[in-house]
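Each ligand, and each atom within it, is numbered from 1 in the order the structure gives.
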Amino acid sequence: MRLKDKVALVTGGARGIGLAIARALTAEGAVPVVADIDGDGARAAVATLDHRNGLALALNVADAESVAASIHAVTERYGRLDILVNNAGIGSSAPFLDLRLEDWNRTIAVNLTGAFLVAQAAARVMAGHGGGRIVNVTSPSGQRGGRGRAAYGTSKAGLELLTKVMAVELAEHGITVNAIAPGPIETEMVRHAHDAETRAAYGRLIPMGRYGNPEDIGAAAVFLCSDESRYVHGHVLNVDGGFGGAGLMTDK
Ligand SMILES: NC(=O)c1ccc[n+]([C@@H]2O[C@H](COP(=O)([O-])OP(=O)(O)OC[C@H]3O[C@@H](n4cnc5c(N)ncnc54)[C@H](O)[C@@H]3O)[C@@H](O)[C@H]2O)c1
């Protein structure tokens, strides 16, 4: 019970990686707050979690008013917020020459501006209550160029840098800020976005030779939210089966 009674907000927690993170934090004793643009999905998710005092919120991270209302709902109910996992995100892929402005704007609005809005509102609460933990979910697509990843990769690169700026500014408030960059993880997002060719390419590029599971990310989130990581700050933890570190992988 490394997170006993910590109030933990997970955005995009209705399914996929976010739900696995909420489940892993709850298993360590945290009080889960699942916030998602899919409010019914958030409610269904909370009902599956092993905690009597959890909360489900309908939240659009890209909407400042919705963010303010959600953070208010958390403080009304619990009086504080100890952990934020900024997980909500949308995938997008388009050749650079064809990328439409509306798709660029939507991707940046959710993945980058949304994470900023929630983190700022949450950090203001944490700063007034002695500190907390913030974990942003980024991506290897934000670390290296990938075909079709102009909008998505740029949004995640921005979030990686935001993680470091927040770490610099929020340390004095007792808030640690880190990021997890998951490799390809079996979720709805990936089931839609990865065709057979993409899967085969990852198969060749990941030393461990497999996609990850949402639970692999949940375990990393527990570490970054627990006291065991108290001196880990401004760090991006790749949880990717070795993808980020790999170079040439032939025998010849
Ligand atoms: N699956 C992967 O391989 C992978 C790899 C690297 C990074 N990521 C990142 O992990 C996070 C979760 O991805 P996933 O694969 O579980 O995706 P998913 O599509 O399965 O789940 C995303 C969740 O976010 C919610 N959401 C979307 N827009 C929202 C908004 N505006 N406000 C609030 N909630 C919103 C969705 O309703 C959904 O429940 C994302 O940030 C994604 O970019 C995923």
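Each of Gly12, Ala14, Arg15, Gly16, Ile17, Asp36, Ile37, Leu59, Asn60, Val61, Asn87, Ala88, Gly89, Ile90, Val110, Val137, Thr138, Ser139, Tyr152, Lys156, Pro182, Gly183, Pro184, Ile185, Thr187, Glu188, Met189, Val190 has a non-hydrogen atom positioned under 4.0 Å from some atom of ligand 1.
Between Asp82 and Arg80, at least one side-chain N (NZ, or NE/NH1/NH2) sits under 4.0 Å from a carboxylate O, which counts as a salt bridge. Looking at Arg199 and Glu186, a side-chain N of the basic residue comes within less than 4.0 Å of a carboxylate O on the acidic one, giving a salt bridge. Checked for salt-bridge contact, Arg43 and Asp38 miss the test: no charged N lies under 4.0 Å from a carboxylate O.
Of the possible polar contacts, none joining the Asp103 side chain to the Arg100 backbone as a donor-acceptor pair under 3.5 Å is found.
No continuous path of hydrophobic side-chain contacts links Ile17 to Ile134 [ILVMFWY only; heavy atoms under 4.5 Å].
Because its NZ or CZ atom is not both nearer than 6.0 Å to the ring centre of Phe96 and within 45° of the ring axis, Arg149 does not count as a cation-pi partner of that residue.
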